[in-house]
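Read the structure below first, then the notes.
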Amino acid sequence: MSNEAWPALPLVEWRDTCTTLHLWTQIVGKVRLAHTPWLNHSWHAVLYVNARGLTTSLIPYPGGGFEIEFDFVRHVLNIEVTDGTGAELALRPESVADFHDRLMAALRKLGISVAITDLPCEIEGAIRFTADHEHAAYDAGYAHRFWRALLQADRVFRQFRTGFVGKCSPVHLFWGSFDLAVTRFSGRRAPLFTGKAPGLATRIMQEAYSHEVSSAGFWPGGRGVDASFYSYAYPSLPEFAKAKVRPADAFYHADLGEFLLPYEAVRSARDPDAALLDFLGSTYEAAAVTSGWDRRALERPMGAPGVCRDVEPP
């Protein structure tokens, strides 16, 4: 893959669009949340990268289901219903409140009844969706770049995921924190989580972190940080922050409590895939070693297309 496959994504150039798009994905994500049975670690509420942008996948609904897709190629929001009906809404500069109202009206017209909580999640000082006329930017070019960056991250994360035979999450986008993530589990229970996030009940956070994890992801940036790949452990021992990880551009961010690798460092690397896999592998190893995971039982060589693994005798 050439470096052109990894587009430049400086947050300063599309911050307003990023903020607005984040809030739009929260509205769509909450529609999925309202109709999908609860799954461990909130995996039922996420979005997925696809060939056009981001999708809810099929959302169950009486008599069938429906799917909502952000198409960042044609710049439309697609709603497809299993009865053959559907709707298409243009993605354009408009307020969060207007986006919310257009989506809800389109769903009602399709016979889909849905009610969502009006307050965004994981955003300090957030404005209610129906009252947010402040965030209204949509730069189609940068929305497309963001999707292309997600495509590359998703592809490499999926490859990394194949090297682990323990419990592991799908690669998915959490619309609360607006990051693409993949999470490995040791199989052991974790101490009761005590952290807090705006707009999230404590029990949701505690269920999300009920078991030991090593989690990695991609984030478009914020809080003084540009677009970056990240990796953290829960619980995290003091030795984790001191671990030597790769590549050379990776570092531990004490305020965030995680290792970061700037997206630009990956994008500009001679081999972006290798640089990112090195980061994912070395930070996972730091978590597994410092927390004493059973690595022999959990790890395998990364998979290859069409090649089945041999199973060791029990």
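The residues of the chain are indexed from 1 along the displayed sequence. No experiment lies behind these values; they were computed from the predicted model shown.
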- Task: Scan for salt bridge (charged side-chain N to carboxylate O under 4.0 Å, His left out) pairs involving residues 48-58, sequence neighbours excluded, and state none if there are none.
- Result: Arg52-Asp71
- Message: Taking Arg267 first and then Glu264, would you say they form a salt bridge - that is, a charged N and a carboxylate O separated by under 4.0 Å?
- Response: yes
- Message: Looking at Arg158 and Asp154, is there a salt bridge between them, counting it only when a charged N and a carboxylate O are closer than 4.0 Å?
- Response: yes
- Going by the ring-ring contact (aromatic ring centres under 6.0 Å, His included) test, name the single residue among Tyr138, Phe72, Trp14 that passes it with Phe146. Trp14
- Query: Roughly how far, to the nearest 0.5 Å, is the CZ atom of Phe178 from the NE2 atom of His22?
  - Reply: 6.5 Å
- Message: Let me confirm one number: the OG-NE2 distance from Ser57 to His44, rounded to the nearest 0.5 Å.
- Response: 12.0 Å
- Only pairs at least two apart or in different chains count here, so list each ring-ring contact (aromatic ring centres under 6.0 Å, His included) that has a residue in residues 85-131. Trp24-Phe99
Is [X] linked to [Y] within one hydrophobic cluster, defined over Ile, Leu, Val, Met, Phe, Trp and Tyr using a side-chain heavy-atom separation of less than 4.5 Å?
X      : Y      : value
Trp219 : Phe251 : yes
Ile127 : Leu21  : no
Trp38  : Tyr61  : yes

- Member of Thr162, Val182, Val213, Leu298 meeting the side-chain contact (heavy atoms from CB on, under 4.5 Å) criterion with Cys168: Val182
- side-chain contact (heavy atoms from CB on, under 4.5 Å) with Val156: of Leu151, Leu277, Val171, only one passes, and it is Leu277
- Aromatic centroids of Tyr142 and His144 separated by under 6.0 Å: no
- Task: Tell me, please, which residues at least two apart from Ser113 pass side chain to side chain donor-acceptor pair (under 3.5 Å).
- Result: none
- In sequence, state the C-alpha distance, the side-chain angles, and the governing distance for Arg155 and Asp273, and then conclude on salt bridge (charged side-chain N to carboxylate O under 4.0 Å, His left out). CA-CA 9 Å; Arg155 179 178 56 79; Asp273 287 25; 2.6 Å; yes
- Message: If we ignore hydrogens and angles and just use 3.5 Å, is the side chain of Ser169 paired with the main-chain N or O of Thr183 as donor and acceptor?
- Response: yes
- Item | Test: Arg184 cationic atom under 6.0 Å from Tyr284 six-membered ring centre, within 45° of axis | yes
- Can you tell which of Thr55, Asn78, Thr56 makes a side chain to side chain donor-acceptor pair (under 3.5 Å) with Glu67? Thr55
